[in-house]
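A short write-up of the structure that comes next.
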Amino acid sequence: QREYLSLVKQSSDSLLALINDILDFSKIEAGHLAFENIPFSLREVIGGTVRALAPKCGKQVALDWWIAPSVADGLIGDPMRLRQVLTNLVSNALKFTARGSVKVSVTVAERTPDEQVLRFAVRDTGIGIPQDKQSLIFEAFSQADTSTTRKFGGTGLGLAICTRLVKGMGGSIGIDSEPGAGSTFHFTARFRSETGTGIRPDMLEGTAVLVIEPDASARVRLETELTQWHVVPRLCSSLDEG
Ligand code: ADP
């Protein structure tokens, strides 16, 4: 019974994803896509997206994210649409990566006093995409390999939707990939900075933070980032030690 139920659940989830993709795509094609302009915290969007996808991450894949300290956290834009693009790219990365890592990073591409253009990258160590298929996959209903639908499912609409959403956020999307070595999907997006919201370093100054992280390289990265935030980290590798 459990097996049947989980099949029913899987099938309905795929069907829901498919319907949502088609609805979104037709809305975009009809020119009815509107973008919100509301204040949000970038760290909450990135952290929340990655946490929500963690259950899909295989045991042999490390899922991690990093935001350059120079990126202002308080932004004005459409957090739902940003989350949608990231969810799509990270889900793809997890789907096509059996071992290694999936990393999300954010850096500043351009900055004026009240605007920032951010560069997002989702890097995986998965199967990669041949050069001649790289532009094709951004088109609607296209997949890199005809066996993809059978092996991994999907509609081939995800990246076409991302391309249009990113354009709506004033940016562009691209890919660097090598078969066997992995892929990096990157995009830019323009946001107004909102000084009143978001996390500022001075809010955290002197706070003691306990970090329990088994992965040595993630520990070093966290230490660097936390120190930049002026908190006082104590690092250890296991729960017992913690
Ligand atoms: P879907 O995932 O529904 O097939 P997408 O538009 O999101 O549709 O992706 C299109 C195709 O691009 C995928 O079917 C796959 O062939 C290829 N692809 C996307 N992301 C990756 C990735 N991270 N690694 C390898 N191939 C990818």
Side-chain angles (χ1 to χ4, degrees), residues 9-30 33 45-46 49-66 80-106 119-169 171-189:
K9 168 98 170 71
Q10 266 173 37
S11 310
S12 40
D13 282 348
S14 317
L15 186 59
L16 182 64
L18 187 87
I19 293 171
N20 279 338
D21 272 1
I22 295 173
L23 277 177
D24 248 346
F25 191 72
S26 38
K27 214 175 188 175
I28 293 170
E29 291 294 273
L33 193 73
V45 169
I46 305 275
T49 308
V50 170
R51 267 195 302 281
L53 293 171
K56 288 190 185 173
C57 183
K59 276 218 169 62
Q60 302 197 55
V61 180
L63 175 61
D64 198 5
W65 56 279
W66 178 77
M80 287 281 291
R81 293 301 181 185
L82 176 61
R83 190 186 278 262
Q84 189 178 357
V85 175
L86 285 166
T87 300
N88 219 299
L89 298 182
V90 176
S91 309
N92 275 351
L94 291 173
K95 188 155 85 172
F96 296 104
T97 305
R99 66 182 64 80
S101 61
V102 171
K103 292 196 165 130
V104 182
S105 63
V106 189
R119 186 180 192 277
F120 299 79
V122 179
R123 176 191 298 266
D124 69 52
T125 57
I127 61 172
I129 300 163
Q131 192 83 38
D132 60 327
K133 298 283 163 51
Q134 289 180 11
S135 54
L136 188 88
I137 55 169
F138 292 98
E139 284 167 26
F141 304 108
S142 300
Q143 297 183 318
D145 190 323
T146 43
S147 65
T148 303
T149 313
R150 177 169 41 80
K151 284 196 226 148
F152 300 101
T155 54
L157 275 176
L159 289 172
I161 293 172
C162 287
T163 306
R164 285 155 177 84
L165 291 179
V166 166
K167 208 170 149 210
M169 293 190 280
S172 59
I173 190 167
I175 179 183
D176 295 315
S177 180
E178 214 179 296
S183 316
T184 303
F185 282 85
H186 45 81
F187 66 94
T188 50

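Ligands are counted one by one from 1 in listed order, and the atoms in each one are counted from 1 as well. Basis for what follows: all heavy atoms, side chains included, without hydrogens, waters or symmetry-related copies. Residue numbers run from 1 in the order of the sequence given.
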Atom 25 (C) of ligand 1: of Ile129, Asp21, Val102, the nearest heavy atom sits on Ile129
Heavy-atom contacts with Gly156 under 4.0 Å: which atoms of ligand 1 show up? List them by number with element.
-> 1 (P), 3 (O), 4 (O), 6 (O), 8 (O)
Does ligand 1 have an atom under 4.0 Å from some heavy atom of Gly126?
-> no
Can you check whether Leu159 has an N/O within less than 3.5 Å of an N/O in ligand 1?
-> yes
Can you find a pair of side-chain heavy atoms, one from Phe138 and one from Ile175, that are under 4.5 Å apart?
-> yes
Expected output: side-chain Ser12 to main-chain Lys9 donor-acceptor under 3.5 Å = yes
Specify side chain, backbone, both or neither for Thr97, according to which of its non-hydrogen atoms lie closer than 4.0 Å to ligand 1.
-> neither
For Ser183, take its heavy atoms, then give the atoms of ligand 1 lying under 4.0 Å from any of them.
-> 24 (N)
Pull out every atom of ligand 1 sitting under 4.0 Å from any heavy atom of Gly158, numbered as shown with elements.
-> 5 (P), 6 (O), 7 (O), 8 (O)
Ligand 1 atoms nearer than 4.0 angstrom to some heavy atom of Asn88 are 7 (O)
Flag, side chain of Ser177 to backbone of Gly182, donor-acceptor distance under 3.5 Å | yes
Out of curiosity, is Lys133 lining ligand 1, as in a heavy atom under 4.0 Å away?
-> no
Min side-chain heavy-atom separation Leu86-Phe187 under 4.5 Å | yes
Distance filter under 4.0 Å to Ala93 heavy atoms, resulting ligand 1 atoms | 23 (N)
So the atoms of ligand 1 within less than 4.0 Å of a heavy atom of Leu157 turn out to be 6 (O), 8 (O)
Heteroatom proximity flag, Phe185 to ligand 1, N/O under 3.5 Å | no
Is a side-chain donor or acceptor of Gln60 paired with a backbone partner of Ala98 at a separation under 3.5 angstrom?
-> no
Under 3.5 Å: donor-acceptor pair, side chain of Asp124, backbone of Ser183 | yes
Asp24/Arg81 salt bridge by N-O under 4.0 Å criterion | yes
Which of Thr87, Leu63, Asp64 passes side-chain contact (heavy atoms from CB on, under 4.5 Å) with Val50? It is Leu63
